[in-house]
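Below is one structure; the comments refer to it alone.
Every number for a ligand or one of its atoms is a count from 1 in the order of the listing. Computation of the quantities below employed the complete heavy-atom set of this structure, encompassing side-chain atoms and omitting hydrogens, waters and symmetry-equivalent molecules.
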Amino acid sequence: MFNNVVWQDTEISKEERAFQKNQKPCILWFTGLSGSGKTTLANALDLKLFELNCHTCVLDGDNLRYGLNSDLGFDDASRTENIRRVGELSKILVDSGIIVLTAFISPFITDREQVRKLVDDDEFIEVFMDTPLSICEKRDNKGLYKKARNGEIKNFTGISSPYEKPMNSEIHINNSFNLNENVKLILNFLKMNGNIPLKS
Ligand code: ADX
């Protein structure tokens, strides 16, 4: 695969780019069922980080399937490829000094762990949206659970396709907190992890 392909270094280092942005880049990897609140929390956090002059990027599962991943479906192999591409993209953004917020179901542990391995140890922060299927299904914001139950969508996560819960996620979000509290929780984590200034 690497025949006749030579890695090209860039002039500016990852550290220099991060220093310029006054932050330590990372991937905040939101995982959970459809309707678990990944996108909502990622966007609320993104807004707060923007107000704090942080440099961020949100990669959302539904949105990326309009473009970069529009050729992929929802069988296991397609999901694995989906996450692989997003992982590679996230790594490029981290190397550019960006705090990346990703919102993908990413149902398979091995796929998420592959992404973790792409970056440095403390650069991959897994955020598990631990919202039970019953609540996601009750919300059914997009009407997809109803379709899945009626057999109109196959391989639907939680119904006819598996979701492997994280064992050791860095951040665990359950239903007992509200959106603001969850944003604060993650902001505090980012401060303690040195990603954003302590005083922000
Ligand atoms: S992933 O499993 O490959 O990580 P991804 O996060 O990109 O999934 O896309 C999930 C979104 O696609 C869901 O939020 C939902 O809106 C939509 N979707 C369409 N079909 C399915 C399906 N079979 N299973 C899960 N989500 C689906």
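A salt bridge does not link E88 to K91: none of the charged nitrogens lies less than 4.0 Å from a carboxylate oxygen.
F156 has its ring centre less than 6.0 Å from the ring centre of Y145.
The side chain to side chain contact (heavy atoms under 4.5 Å, CB included) search around N195 returns K24, C26, I125, L190, N193, not counting sequence neighbours. Every residue two or more places apart in sequence or in another chain was checked for a salt bridge (Lys or Arg N to Asp or Glu O under 4.0 Å) with R65, and none qualifies.
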Atom pairs and distances, donor-acceptor, side-chain atoms in residues 43-58, under 3.5 Å, two or more places apart:
unit_1	atom_1	unit_2	atom_2	d
N43	ND2	T39	O	3.3
D46	OD1	T56	OG1	2.5

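Side-chain contact check for Y163 versus I105: some heavy-atom pair is nearer than 4.5 Å.
Using a heavy-atom distance under 4.0 Å as the criterion, the protein contacts of ligand 1 are S34, G61, D62, R65, F74, R79, N82, I83, F104, I105, S106, P107, K142, L144, I153, K154, N155, F156, T157.
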